[in-house]
Amino acid sequence: MAGAASGNDFQWCFSQVKGAIDEDVAEADIISTVEFNNSGELLATGDKGGRVVIFQHEEECKHRLQLRGEYNVYSTFQSHEPEFDYLKSLEIEEKINKIRWLPQQNSAHFLLSTNDKTIKLWKISERDKRAEGYNLKDENGRLRDPFRITSLRVPVLMPMDLMVEASPRRVFANAHTYHINSISVNSDHETYLSADDLRINLWHLEITDRSFNIVDIKPANMEELTEVITAAECHPNQCNVFVYSSSKGTIRLCDMRAAALCDRHTKFFEEPDDPSSRSFFSEIISSISDVKFSHSGRYMMTRDYLSVKMWDLNMENRPVETYQVHEYLRGKLCTLYENDCIFDKFECCWNGSDSAIMTGSYNNFFRMFERNTRKDITLEASRESSKPRATLKPRKVSTGGKRKKDEISVDSLDFNKKILHTAWHPKENVIAVAATNNLYIFQDKVN
Amino acid sequence: MISKGQKRKLHDDDVVGDVRSAAWESQRQSLLDISLEKYHRSHDCMEHSLRRSVLIANTLKHMHPENRPLSGSVTWAGPMPSGVPPCTMRESGPGVLTNGDVVVDMEHEWLSSESDFSLSAAVSSILKELDMTMAGGPGPGTQSLPFKPAANLAADLGLKQYPSGNWSSERCAEGCRTSERVVFADTEEVVRSSYDGTLDDLLHDINTSVFEREMGAIGVRDISGAASDELLKYLPPLTSVPSSSQLPISLSQSAMNLNELEHIMEMLFQS
């Protein structure tokens with residue numbers, strides 16, 4: 001079954017890389033989000049410049065050597081523009097924080113994209129025909145003199161070159177005082193939620209001028225603020241359930257049937273502190289940067305600074321599985337605090353069958369964990385190892401004094417090269433990894 | 001019970017505990033400095049991540065001396081990775097702690113705890129003062145400024161000196177918008193001037209020539225304008241004192257404020 005095998009049983013090999021090769025990276029080109037659509041046919045990326053680029057998977061093409069076809073640019077559009085709030089003298093960045101695809105219901109595709117303040121619904125549709133033979137217009141589109149028209153004709157549809165149009169269908173604005181960090185489409189396909197640092201709102205996809213506030217953790221006295229919302233997601237099957245994570249490492253599951261305002265959680269997930277590993281940075285590294293439900297809906301995965309934790313929704317007091325992503329960084333927390341890397345927000349993702357997970361790290365490394373066998377692998381997204389169909393070599397970070405060949409020491413890690421955004425094809429073993437301004441696509445070698 | 005003929009030895013735990021305690025204290029002081037510097041940098045650079053601000057503020061609160069661990073579980077960074085600026089132990093007083101070299105300085109320790117208190121209070125007041133509502137201002141029910149990013153300070157202080165239409169092309173090397181620097185420069189001047197005005201009113205009825213002599217003894221006059229401004233920022237806000245009134249103020253209260261000023265001055269000089 002596609003996606004059922006582990007990240008370690010397959011041989012991951014390079015497929016494609018998108019983006020400029022220049023050493024000097026323009027900040028606007030830095031990829032800020034990556035998302036496959038529900039079928040895996042389309043892959044969307046958003047960048048700091050407010051642009052969305054959609055790649056489409058093309059079937060195995062003429063090249064016999066291609067593994068599973070490749071992704072090519074399907075559509076590019078400017079989703080968000082920079083704005084300036086004149087009342088508050090605040091600049092609103094155009095950076096795309098999240099993209100979420102809606103389930104496909106017809107030939108068109110819909111996605112939600114958001115920056116810090118505004119969410120937009122985009123329709124991506126194809127046009128491969130155009131009408132010709134208008135009565136009132138000539139071939140160039142100029143109006144004809146009506147007095148010279150002596151006969152009527154029926155316009156005919158003629159084929160044309162495929163044109164992909166992206167048009168904004170809805171704009172959901174002015175509902176968030178703080179910065180939006182998450183959007184999540186509900187399983188009812190009618191509503192979605194958006195979360196900022198202190199509030200979560202529930203929207204209807206057809207209604208843009210109002211939303212329901214379902215979570216509000218803003219204290220009356222802001223001096224008492226000690227915790228913010230970091231991520232939120234709707235349950236994949238139960239349209240009344242959602243979860244949100246906090247900067248204190250807690251996850252709250254809420255049921256919208258219980259109350260209109262879900263300030264009181266239904267379930268509270270928190271792992272007790274380990275006193276032996278407590279430090280000044282304990283709270284910072286426990287801050288959850290991403291939360292994702294499994295496709296089955298039974299589990300959820302959270303990413304904090306050093307680890308990924310798997311939670312069974314039926315057990316709140318501790319995670320069922322914990323995977324250390326880069327434990328060797330625990331001794332570097334002071335440095336990472338000083339250079340702000342400790343505040344990096346890594347994302348995580350499931351494979352299609354929920355048997356494996358993936359998350360990013362530094363030095364353009366990313367990690368995969370196989371849940372059944374507890375095996376893990378570290379791979380690198382780099383141009384040097386980007387030869388067509390080249391199998392990725394596992395990487396290892398040496399923590400001891402003696403470094404083996406092909407190992408890299410902790411001191412040599414490049415903390416400016418970080419993989420924050422990754423995505424796994426919903427049905428196949430194809431992954432997309434965003435490394436600064438480059439998008440790498442890897443896939444397993446078909447036997 | 002000591003065996004006959006066996007020489008008593010000083011219990012090592014006491015010494016080790018002091019060493020670890022001093023190392024912990026030094027680490028805490030260093031992190032305190034880093035956190036405050038980080039806060040000011042975020043203030044200058046239009047960094048308005050609420051999550052980051054809250055985490056830094058919580059970290060500052062955790063550094064209270066009472067939270068010192070009983071056992072000396074001190075965690076410290078190992079060798080610095082290349083390409084990452086070093087996290088150096090900062091000198092903060094006569095007691096300078098280096099790797100393997102411990103100097104326990106009681107005065108430094110006392111000043112540290114005292115300075116932490118005043119700095120903690122100062123941090124709270126800074127956060128309070130620079131807390132700007134994203135909603136455009138304090139609501140009718142709020143009794144104090146809500147916690148909000150530093151970027152909104154200009155809005156609350158009524159500053160609208162930002163020119164429109166030309167910001168999109170301005171990007172500084174760190175990713176900040178240079179136009180924001182203009183706004184925040186004006187903001188700092190307003191904050192500074194408000195403190196100046198408040199202190200002037202406070203000391204209006206007092207002949208400060210007596211105190212000026214003492215100030216001169218510790219070198220207050222040698223402080224640059226920037227340092228004195230920096231000093232003023234760390235003073236708790238005199239919110240309980242009406243700024244525009246001419247109420248008589250007791251000499252002891254002003255002397256207390258000046259003593260506090262003197263303590264902070266000593267810390268600055270020693271650092």
Side-chain angles (χ1 to χ4, degrees), chain A residues 27 48 81-82 84-91 176-179 181 196-198 218-230 247-248 275-284 287 330-343 345 362 409-416, chain B residues 27-28 30-31 34-35 38 46 48-52 54-59 61-63 69 73 75-87 124 127-128 131-136 141-148 151-152 154-155 159-160 162 164 167-168 171 175 177 179-180 183:
Chain A
E27 187 171 342
K48 283 193 172 184
E81 294 280 359
F84 191 73
D85 188 335
Y86 294 96
L87 287 178
K88 302 167 195 169
S89 294
L90 264 185
E91 179 185 310
H176 283 280
T177 304
Y178 301 94
H179 290 174
N181 52 55
D196 64 26
D197 293 321
L198 297 180
K218 181 181 175 183
N221 183 359
M222 284 289 280
E223 287 181 33
E224 296 167 1
L225 179 68
T226 57
E227 192 174 12
V228 298
I229 297 170
T230 53
S247 56
K248 286 198 168 181
S276 64
S277 62
R278 194 174 294 154
S279 72
F280 289 125
F281 310 107
S282 293
E283 180 172 328
I284 299 180
S287 173
R330 192 178 287 275
K332 310 288 181 197
L333 291 179
C334 181
T335 305
L336 295 167
Y337 177 66
E338 193 176 18
N339 63 21
D340 277 354
C341 285
I342 205 172
F343 298 107
K345 295 195 289 183
Y362 293 106
S409 71
V410 182
D411 304 332
S412 304
L413 293 173
D414 188 345
F415 290 90
N416 294 318
Chain B
Q27 180 188 17
R28 189 176 65 84
S30 176
L31 288 173
I34 294 171
S35 300
K38 200 177 288 298
M46 189 36 197
H48 49 269
S49 167
L50 189 59
R51 168 182 170 260
R52 185 173 176 273
V54 166
L55 289 173
I56 293 172
N58 288 348
T59 304
K61 288 174 193 171
H62 289 325
M63 291 183 198
S73 58
T75 57
W76 193 245
M80 305 301 162
S82 59
V84 176
C87 174
S124 301
L127 292 177
K128 182 180 170 183
D131 194 9
M132 291 154 283
T133 181
M134 289 286 208
T142 56
Q143 297 180 359
S144 60
L145 289 178
F147 180 78
K148 45 192 172 171
N152 282 327
L159 293 179
K160 289 186 180 180
Y162 188 77
S164 60
W167 55 271
S168 58
R171 283 185 191 255
R177 312 286 171 139
S179 52
E180 254 67 44
V183 175

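Chain letters run A, B, ... following the sequence lines, proteins first, then strands; residues in each count from 1. No hydrogens, no waters, no symmetry mates; every other heavy atom, side chains included, goes into these values.
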Checklist line | Under 3.5 Å: donor-acceptor pair, side chain of A:Tyr362, backbone of A:Cys341 | finding: yes

Notebook entry, point to check: Where on A:Thr230 is there a heavy atom nearer than 4.5 Å to chain B: the side chain, the backbone, both, or neither?
Noted result: side chain

Note to self: Is A:Ile229 close to chain B through its backbone or its side chain, or both, or neither, when contacts mean heavy atoms under 4.5 Å?
What the structure shows: neither

Check: Heavy-atom distance under 4.5 Å between the side chains of A:Cys334 and A:Phe280, does that happen here?
Finding: no

Notebook entry, point to check: Is the shortest heavy-atom distance from the side chain of A:Phe415 to the side chain of A:Thr335 under 4.5 Å?
Noted result: no

Check: Thinking salt bridges, do B:Arg52 and A:Asp340 make one under a 4.0 Å N-O criterion?
Finding: yes

Item checked: Winner by heavy-atom pair count (cut-off under 4.5 Å) against chain B, out of A:Leu198, A:Val228, A:Ile342, A:Thr226 -> A:Thr226

